[in-house]
There are 2 protein chains.
Amino acid sequence: MGNREALIQGAKQCLTERGWARTTVRDIATAAGVNHAAIGYHFGSRESLLIHALVEAVEELSEAVSERARGGSPEERWQALIDTFGTHRPLWIAQLEAAVQAEHSPELRERLALAQRQGRAGLGGSVPLAVLSGLMLQWLIDPAEAPDGAQVALELHAQSTADFHARSREA
Amino acid sequence: MGNREALIQGAKQCLTERGWARTTVRDIATAAGVNHAAIGYHFGSRESLLIHALVEAVEELSEAVSERARGGSPEERWQALIDTFGTHRPLWIAQLEAAVQAEHSPELRERLALAQRQGRAGLGGSVPLAVLSGLMLQWLIDPAEAPDGAQVALELHAQSTADFHARSREA
DNA sequence: ATCCGGTCAAACCAAATGGATAAACCTGCC
DNA sequence: GGCAGGTTTATCCATTTGGTTTGACCGGAT
């Protein structure tokens, strides 16, 4: 593995362990087992490297999610997706960090917008994608209170009923 | 307004304009019209101030959301909630930043977990909360592609039908 | 063997950063 | 007036930071 690849790996590791704000060029270089001057050589700047790392992580996550988006009952599918919060935790954290940094980097925002369109296509709508990323937020903050696949499937099913009730109440 | 309050306001402003990673003590002090030594005096450290600011923002957002979570048809309610992405954009950005920083601050995570429980109660379940925060992510990254209230209500309703189809396909 | 482009690392640097210090500044009270 | 409390500011400081420079290194082509 060349230094360039090692740096991206190290950056991904630092992003999940310390987050963008707390990651220094020396942290990344140490994690990668490389001199920190290599960052300037290969990427020009710390920010550029971090964005590269985030983009790569987001793409990996996209793939992992789309693999689990099809097959089985809704409950099973939701559970499989929810399980990725644990199995792919670093990628999900990167995804979250990417969303934050996208507010300050048009390039990153563009990449995320693309991944989002793919996500909508893979999951079959804006709402399933919203549910998935929203559940991720809940799971990261308080896994004990986050719902499982059965609960999600149940609530989604109950939603149309609730809607109906709300409509009639409104009349 | 005392310096302490001014600092929290300035911190909130910096958090939305530059994000946690790019906000320095001097940025905050300038935004607040205050000497940056006041941060040490009132909060002890930059991090402590930023966390205070995030917590305050999250609480403001909680309130704004719960005000709009009731009344009207589902479509109207969803639209009212989606509208807050624009009207309360700074607070939503703070919420997102808070979720990221919660990974590195147990205190902040605790506060967010509380707000999350309130959110579930106010919106009537884990899934509505997930939908709302997931939509926020979509809207921040690509407002043009994010769905409106009608679309969300429609997809939510269609969800149970889709579930049914999936179940029968599975058999 | 030598040259050469690309890669790497040790040392260096200026600037920025978070925080500490200590002196001024109020404001209410005796 | 003058004292005492908390508050605010100007200034200082050590450290960290991102980035650059310079020379070594390496593999392949000549």
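The analysis underlying the following values was restricted to heavy atoms, covering all of them including side chains, and did not include hydrogens, waters or symmetry mates. All chains are named by letter (A, B, ...) in the order of the sequence lines, taking the proteins before the strands, and each is independently numbered beginning at 1.
Contact check on R111(A) versus E56(A) returns no salt bridge, with no Lys/Arg side-chain nitrogen under 4.0 Å from an Asp/Glu carboxylate oxygen. Between D27(A) and R22(A) there is no salt bridge, since none of the side-chain N atoms of the basic residue sits less than 4.0 Å from a carboxylate O of the acidic one.
In this entry the distance linking CG of N35(A) with C1' of dT20(D) reads 12 Å, nearest Å. Distance, N3(B) CG to dT27(C) C1': 15 Å, rounded to whole Å. Nucleotide dT7(C) holds its P atom 13 Å from the CG atom of L7(A), rounded to whole Å.
Applying the salt bridge (charged side-chain N to carboxylate O under 4.0 Å, His left out) rule to pairs touching residues 83-102 of chain A yields R89(A)-E103(B), sequence neighbours excluded. Residue pairs meeting the ring pair (Phe, Tyr, Trp, His ring centres under 6.0 Å) criterion with at least one partner in residues 41-73 of chain A, sequence neighbours excluded, are F43(A)-H52(A).
Looking at H36(B), its side chain has no donor and acceptor atom pair within 3.5 Å of the base of dG18(C).
L129(A) pairs with exactly one of Q116(A), Q118(A), R117(A) by the side-chain contact (heavy atoms from CB on, under 4.5 Å) rule, that one being Q116(A).
If you check residues 37-46 of chain B against DNA chain C, the residues with a heavy atom closer than 4.0 Å are A37(B), S45(B), R46(B), listed by number. Taking a 4.0 Å limit (strictly below) on heavy-atom distances, residues 16-33 of chain A reaches DNA chain D at T23(A), T24(A), V25(A), R26(A).
Think of V58(B) as one node in a network of Ile, Leu, Val, Met, Phe, Trp and Tyr side chains linked at under 4.5 Å; its network also takes in I141(A), L112(B).
Partners of W92(B) under the ring-ring contact (aromatic ring centres under 6.0 Å, His included) rule, at least two apart in sequence or in another chain, are F85(B).
Counting only N and O atoms by type, the side chains of Q101(A) and R109(A) include no donor and acceptor under 3.5 Å apart.
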